[in-house]
Chemist: 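I have a structure here, written as structure tokens, and I will follow up with some questions on it.
Just so you know, these numbers come straight off a predicted model, no measurement behind them.
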Amino acid sequence: MNTAFSIRQPVTNFTALATSENQINYQRIEQAIRYLEDNFQRQPDLEEVAEKIHVSPFHFQRMFTEWAGISPKRFLQYLTIDYLKSKLQESKNLVEAAEAAGLSSQSRVYDLFTTLEAVTPQEYKQHGAGIRVEYGFHETPFGMCLIGVTERGICWLSFLQNDQDPRAEVEAMKMHWNNSVFHEDRTLTQAFVEKIFSGHTSSQKLHLFVKGTNFQVKVWEALLRIPSGNVLTYQDIALQIQNPQAMQAVGSAVGSNHIAYLIPCHRVIRKDGILGEYRWSSAKKKSIIGWEMAKAEGK
């Protein structure tokens, strides 16, 4: 996995979060992805795209290739409707084969962690009472993130939008775990972010701690079965949880996911091959899917 990005030492103020160099570079990459997709029929050249994001062609090519491991135009091919539709059946076959072999969501199918624990019914009613959440902001290959960690596992991971006030994301986390105790500890959370995005394997697995209804938890567990670099439809997920008529409810549960990337709600797309919306912006969904597919192909 390409590790050209860096996870820096924790910043000390919100202004620094908004102006970091890596954050600016990722914003440029997102802008380039939007422009390339909007103009795919015309096939804009490297010089045009670089001018659009206000960097030299050489700098743009190097910046993008360091991030994705492939060229911008090759990257965009992963996001075409025809390619994504072809991946749907391939992904479905992979998941079915894994299930036939007895592999569950707590298995090798998803190698970053082995457990997903949900709050108990009593804890759900108490809205997080008695839970202590340590949190911090960190850089990732997809811009700045906010991560929250408890003794029982990672309980929050979200991406900041461009120019978003980081305080708003903290408030969103607090609303979800509203009766919990919150403490900022970037030194503690940095180790988790490094493990999530560095690509290095470890015998110590990541654990997730979620708060949701029984139905939501079933959907999130199903998402864990989608291998990196693959995609499934909402209907596929509904079938996996043995509730084929619940596609709308599945969509709602996917959109309610509060642990981005690790619970890969970005890997769920429409059956017509259109990527659709994403809680943390459609452009970020495109960047994550394309990035994962590039890494999977390069293995």
Side-chain angles (χ1 to χ4, degrees), residues 1-5 7 22-23 25-37 63-72 74-81 83-84 87-88 90-91 109-113 138-147 154 156-162 164 169 192-199 206 208 220 222-234 237 251 254-270 273-299:
M1 181 177 290
N2 184 291
T3 56
F5 79 100
I7 301 176
N22 283 352
Q23 177 79 344
N25 280 343
Y26 178 71
Q27 289 174 5
R28 289 170 174 160
I29 287 169
E30 267 200 10
Q31 186 180 359
I33 290 170
R34 288 193 195 98
Y35 189 76
L36 282 164
E37 184 183 34
M63 176 179 67
F64 199 102
T65 303
E66 284 181 350
W67 174 74
I70 56 175
S71 70
R74 174 63 181 142
F75 182 92
L76 193 64
Q77 291 176 14
Y78 292 127
L79 305 180
T80 63
I81 290 176
Y83 183 82
L84 289 168
K87 288 294 291 186
L88 284 172
E90 177 185 326
S91 302
V109 172
Y110 194 56
D111 61 6
L112 285 177
F113 58 88
H138 301 276
E139 291 176 353
T140 78
F142 314 110
M144 196 67 64
C145 81
L146 170 65
I147 186 171
I154 297 168
W156 184 272
L157 181 61
S158 62
F159 296 109
L160 271 66
Q161 307 295 336
N162 296 346
Q164 177 185 353
E169 203 59 32
F192 286 90
V193 173
E194 287 178 341
K195 186 172 180 181
I196 293 166
F197 295 105
S198 69
L206 292 172
L208 306 184
W220 298 337
L223 298 182
L224 300 183
R225 302 186 187 103
I226 310 174
S228 181
N230 289 268
V231 289
L232 287 180
T233 67
Y234 296 96
I237 301 300
V254 169
S256 299
N257 174 32
H258 53 279
I259 304 181
Y261 187 74
L262 291 174
I263 298 178
C265 55
H266 59 275
R267 296 178 193 157
V268 183
I269 68 172
R270 288 166 40 177
I274 295 176
L275 290 176
E277 296 303 313
Y278 185 54
R279 180 172 176 174
W280 296 280
S281 86
S282 58
K284 201 172 296 293
K285 182 174 184 175
K286 293 179 178 71
S287 68
I288 297 174
I289 287 178
W291 190 86
E292 288 186 336
M293 287 183 173
K295 303 304 175 189
E297 187 176 88
K299 287 182 180 179

Chemist: Using 0.5 Å steps for rounding, measure from the CD1 atom of I237 to the SG atom of C265.
Modeler: 11.0 Å
Chemist: Looking at side-chain heavy atoms only, is the closest gap between P72 and L36 below 4.5 Å?
Modeler: yes
Chemist: Once salt bridge (charged side-chain N to carboxylate O under 4.0 Å, His left out) is applied, do any residues pair with K285, and if so which ones, sequence neighbours excluded?
Modeler: none
Chemist: Rounded to the nearest 0.5 Å, how far apart are CD1 of I289 and NZ of K87?
Modeler: 11.0 Å
Chemist: Report the distance from atom CG of L232 to atom CD1 of I226, rounding to the nearest 0.5 Å.
Modeler: 4.5 Å
Chemist: Examine distances only and state if a side-chain atom of W291 and a backbone atom of W67 form a donor-acceptor pair shorter than 3.5 Å.
Modeler: yes
Chemist: Can you measure from CZ (R34) to CD (Q31) and round to the nearest 0.5 angstrom?
Modeler: 7.5 Å
Chemist: Heavy atoms, side chains only, cut-off 4.5 Å: are L262 and L208 in contact?
Modeler: yes
Chemist: Find the distance between CZ (R267) and CG (L223) and round it off to the nearest 0.5 Å.
Modeler: 9.0 Å
Chemist: Which residues satisfy the salt bridge (charged side-chain N to carboxylate O under 4.0 Å, His left out) test with E277, sequence neighbours excluded?
Modeler: none
Chemist: Check G276 against S282 and note the closest heavy-atom contact, atom names and distance.
Modeler: O-CB, 4.0 Å
Chemist: If we ignore hydrogens and angles and just use 3.5 Å, is the side chain of N257 paired with the main-chain N or O of I263 as donor and acceptor?
Modeler: yes
Chemist: Check for a donor-acceptor pair, side chain of S91 on one end and backbone N or O of V231 on the other, with a separation under 3.5 Å.
Modeler: yes
Chemist: Check side chain to side chain donor-acceptor pair (under 3.5 Å) between W220 and all other residues, then give those that pass, not counting sequence neighbours.
Modeler: none
Chemist: Begin with the C-alpha distance, continue with both residues' side-chain angles, and end with the deciding distance and a verdict on side-chain contact (heavy atoms from CB on, under 4.5 Å) for L88 and I269.
Modeler: CA-CA 9 Å; L88 284 172; I269 68 172; 3.8 Å; yes
Chemist: Side chains of L157 and C145: closer than 4.5 Å at any heavy-atom pair?
Modeler: yes
Chemist: What closest approach, in Å, do A68 and A294 show between heavy atoms, and which atom pair accounts for it?
Modeler: O-CB, 3.6 Å
Chemist: To the closest 0.5 Å, what do you measure between CD1 (I154) and CD1 (I147)?
Modeler: 4.5 Å
Chemist: Could you go through the side-chain contact (heavy atoms from CB on, under 4.5 Å) check for F197 and H138 one step at a time?
Modeler: CA-CA 11 Å; F197 295 105; H138 301 276; over 6 Å; no
Chemist: Measure the shortest side-chain to side-chain distance between T233 and V268 over non-hydrogen atoms and say whether it is less than 4.5 angstrom.
Modeler: no
Chemist: For residues E30 and Y26, is any side-chain donor paired with an opposing acceptor at under 3.5 Å?
Modeler: yes
Chemist: Does either side chain, that of S158 or that of W156, offer a donor lying less than 3.5 Å from an acceptor on the other one?
Modeler: yes
Chemist: What are the two closest heavy atoms between Q161 and S281, and how far apart are they?
Modeler: OE1-CB, 3.3 Å
Chemist: Using side-chain heavy atoms (C-beta onward) and a distance below 4.5 Å, is R279 in contact with H258?
Modeler: yes
Chemist: Could you list the residues that satisfy salt bridge (charged side-chain N to carboxylate O under 4.0 Å, His left out) with R74, not counting sequence neighbours?
Modeler: E297
Chemist: Should F192 and L206 be marked as a side-chain contact (heavy atoms from CB on, under 4.5 Å) after you check the CA-CA gap, both sets of side-chain angles, and the distance that decides it?
Modeler: CA-CA 8 Å; F192 286 90; L206 292 172; 3.9 Å; yes
Chemist: Do the rings of F75 and F64 sit parallel, tilted or perpendicular, given the 30° and 60° boundaries?
Modeler: perpendicular
Chemist: So, using side-chain contact (heavy atoms from CB on, under 4.5 Å) as the criterion, who are the partners of I288 when residues are at least two apart?
Modeler: F142, F159, Y261, H266, Y278, K284, E292
Chemist: Does the side chain of I33 come within less than 4.5 Å of L79's, by heavy atoms?
Modeler: yes
Chemist: Tell me, please, which residues at least two apart from R28 pass salt bridge (charged side-chain N to carboxylate O under 4.0 Å, His left out).
Modeler: none
